[in-house]
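Along the sequence shown, the residues carry numbers beginning at 1. These numbers come from the heavy atoms of this one structure, side chains and all, not from hydrogens, waters or symmetry mates.
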Amino acid sequence: MASSKNGLSPVVVFLLGAASATALIVFVFTSTASPAWPTPEATPATRQEKKAAVVACAPRAKGIDSETRRAARTNQTGGGDDDDEFARMVRRAAMEDRTVIMTSVNEAWAAPGSLMDSFLESFSVGENISHFVEHIVVVAMDEGALRRCRAIHPHCYLLLPEVAGLDLSGAKSYMTKDYLDLVWSKLKLQQRVLELGYNLLFTDVDLAWFRNPMVHITAAADITTSSDFYFGDPDDLGNYPNTGFIYFKATPRNARAMAYWHAARRRFPGEHDQFVFNEIKRELAAGAGEGGGVGVRIRFIDTAAVSGFCQLGRDLNRIATVHMTCCIGLENKLHDLRNVIRDWRRYVARPRWERQMGKIGWTFEGGKCIH
């Protein structure tokens, strides 16, 4: 009894000791364990997202600095990690199904009133396709094209030519060496889109969009291409492709097909990319055991829908796109592209019943190439 009056009881002493030991164990555990939920400081993905957001919102410089040119050199060769400028741009532009639309321009094609303006105008007058513009990455082939693109479009990327010092800014004459370097320069960047895990729809800029052409792209094919001449069977490799409108699914096989296509340029010196694709299409479709092919399935789109001047679709009720194919020269292409858009405006201004009768067609008078 005396000890109970003059000091702490044994029970109290025991409880205090147990509580101290528990507190010490908890302190040691929490100081060494990782947090149980992600925090901004502990999550690399969050930091990358913030970094991308800063880049997306940063004001664009009017001039083209050395950092932009250095990034262009890195990206066209596939260098750098996936968080470089081009990868971030592709990520921002991609649709929900990870599809990116890409086109390419030089300074002459991007100039005010030139092909790029008419190309973008077609989305605004087409049927429910204006939203596709935000998914287009415009590849500028020179610094003048980049400046003009940045003035009117959110996703513009500078691709320097593979040959140092090459000037790709002018209205290149068809099949000249400069023209060939221009059309071949874009293939490696297209391949990079696939390697980043995004589907790619490449469209030339001398092309008008009026309806959604993606309804004519099937998931059953690796590559879906428009046609210069279409003979009725979408799986017939005898169709003549036009690679100015071509879709690639994001697969390793398609990345290999793109590399195979680019490498084949050496076998066909002095030829453009479309000619070479037509020459090697059976090699691309052949399996690895059939002569070293890639094994892709290629499908062709009917020219009645995804059309061009080589084989023009006459029924405007079916038309999705019109390409200035079989037409040489910037002035000729631009003249007829403007006329095609004018004819489309006339078509959509008429009552639905009149359009459905199928009697409103193209205006051929005064055309440079349309026939």
Side-chain angles (χ1 to χ4, degrees), residues 52 56 75-76 78 80-105 119-120 122-123 126 128-139 153-157 159 183 185-205 207 209 211-227 234-235 241-262 273-274 277 280-281 284-285 294-302 305-306 320-321 323:
N75 292 325
Q76 77 179 81
D81 59 26
D82 286 354
D83 198 36
D84 63 21
E85 178 193 353
F86 181 69
R88 292 194 300 270
M89 185 176 297
V90 168
R91 188 160 59 241
R92 293 196 301 270
M95 305 178 199
E96 290 185 2
D97 67 348
R98 296 180 66 82
T99 296
V100 175
I101 304 170
M102 178 183 287
T103 192
S104 59
V105 295
F119 170 73
L120 294 175
S122 72
F123 288 88
N128 302 315
I129 59 171
S130 59
H131 62 284
F132 284 126
V133 172
E134 64 188 80
H135 302 296
I136 300 173
V137 172
V138 177
V139 178
H153 189 68
H155 309 304
C156 307
Y157 180 76
L159 176 65
V183 297
S185 290
K186 62 182 183 285
L187 281 190
K188 284 188 177 180
L189 199 62
Q190 293 175 10
Q191 180 180 339
R192 181 116 198 279
V193 174
L194 302 181
E195 292 169 346
L196 289 170
Y198 293 89
N199 309 310
L200 171 68
L201 174 56
F202 180 82
T203 171
D204 274 343
V205 76
L207 188 149
W209 285 49
R211 293 187 177 93
N212 181 6
M214 296 187 188
V215 300
H216 303 287
I217 295 172
T218 173
D222 297 292
I223 301 172
T224 303
T225 180
S226 62
S227 312
D235 296 308
N242 187 293
T243 56
F245 185 96
I246 190 167
Y247 173 86
F248 291 84
K249 283 198 304 188
T251 64
R253 183 165 57 236
N254 266 344
R256 292 195 300 272
M258 188 78 76
Y260 190 99
W261 181 13
H262 192 277
D273 57 336
Q274 180 174 301
F277 184 88
I280 67 170
K281 60 190 176 185
L284 293 173
V294 182
V296 295
R297 181 183 177 188
I298 303 172
R299 194 172 177 88
F300 298 82
I301 308 177
D302 191 341
V306 175
T321 65
H323 193 177

What's the shortest heavy-atom distance between Pro213 and Ala320, and which atoms?
-> CA-CB, 4.1 Å

Residues forming a side chain to side chain donor-acceptor pair (under 3.5 Å) with Trp209, sequence neighbours excluded = Thr203

Greater than 12 external heavy atoms within 6.0 Å of Asn128's CG | no

Side chain to side chain contact (heavy atoms under 4.5 Å, CB included) between Gln191 and Phe248, worked out = CA-CA 9 Å; Gln191 180 180 339; Phe248 291 84; over 6 Å; no

Interatomic distance, CE@Met102 vs CZ@Phe202, rounded to 0.5 Å, equals 8.0 Å

Shortest non-hydrogen pair, Gly244 vs His323, comes out as CA-CE1, 3.8 Å

Are the side chain of Thr225 and the backbone N or O of Ile246 linked by a donor-acceptor pair below 3.5 Å?
-> no

Any Phe119 side-chain heavy atom under 4.5 Å of Val105 side chain | no

For the pair Asn254 (side chain) and Lys249 (backbone), establish whether a donor and an acceptor sit closer than 3.5 Å, ignoring hydrogens and angles.
-> yes

Could you tell me the separation between the OG1 atom of Thr243 and the CG atom of Asp204, rounded to the nearest 0.5 Å?
-> 7.0 Å

Considering the options Thr218, Thr224, Asp235, which one meets the side chain to side chain donor-acceptor pair (under 3.5 Å) requirement together with Arg299?
-> Asp235

For Lys281, which residues count as a side chain to side chain donor-acceptor pair (under 3.5 Å) partner, sequence neighbours excluded?
-> Asn278

How long is the gap from CE on Met95 to NE2 on His131, to the nearest 0.5 Å?
-> 7.0 Å

May I ask you to test the Asp302-His216 pair for a side-chain heavy-atom distance under 4.5 Å?
-> no

Heavy-atom closest pair (Ile280 atom, Trp261 atom, distance to 0.1 Å) is CD1-CA, 3.6 Å

What heavy-atom pair brings Ser104 and Lys186 nearest, and what distance separates the two atoms?
-> OG-CD, 3.9 Å

Closest approach of Val306 and Ser226, non-hydrogen atoms and distance?
-> CG1-CB, 3.7 Å

Has the side chain of Arg256 got a donor or acceptor atom that lies under 3.5 Å from a matching backbone atom of Val294?
-> no

Main-chain N/O of Ala93 paired to His135 side chain as donor or acceptor, under 3.5 Å | yes

Is there a donor-acceptor pair under 3.5 Å between the side chain of His153 and the backbone N or O of Ile136?
-> yes

Does a side-chain heavy-atom distance below 4.5 Å link Arg192 with Asp84?
-> yes

Separation of Ile101 CD1 from Asn199 CG (nearest 0.5 Å) = 11.5 Å

Short question: side chain of His155, backbone of Glu134 - any donor-acceptor pair under 3.5 Å?
-> yes

Is there a side-chain contact between Phe86 and Leu159, using heavy atoms and a 4.5 Å cut-off?
-> no

Rounded to the nearest 0.5 Å, how far apart are CZ of Arg88 and OH of Tyr157?
-> 10.5 Å

Which pair of heavy atoms, one from Glu195 and one from Ala255, lies closest together, and at what distance?
-> CG-CB, 4.2 Å

So OH of Tyr247 and CD1 of Ile223: to nearest 0.5 Å the spacing works out to 11.5 Å

For Asn212, check side chain to side chain contact (heavy atoms under 4.5 Å, CB included) against everything at least two apart and list the hits.
-> Ile129, Phe132, Met214, Val215

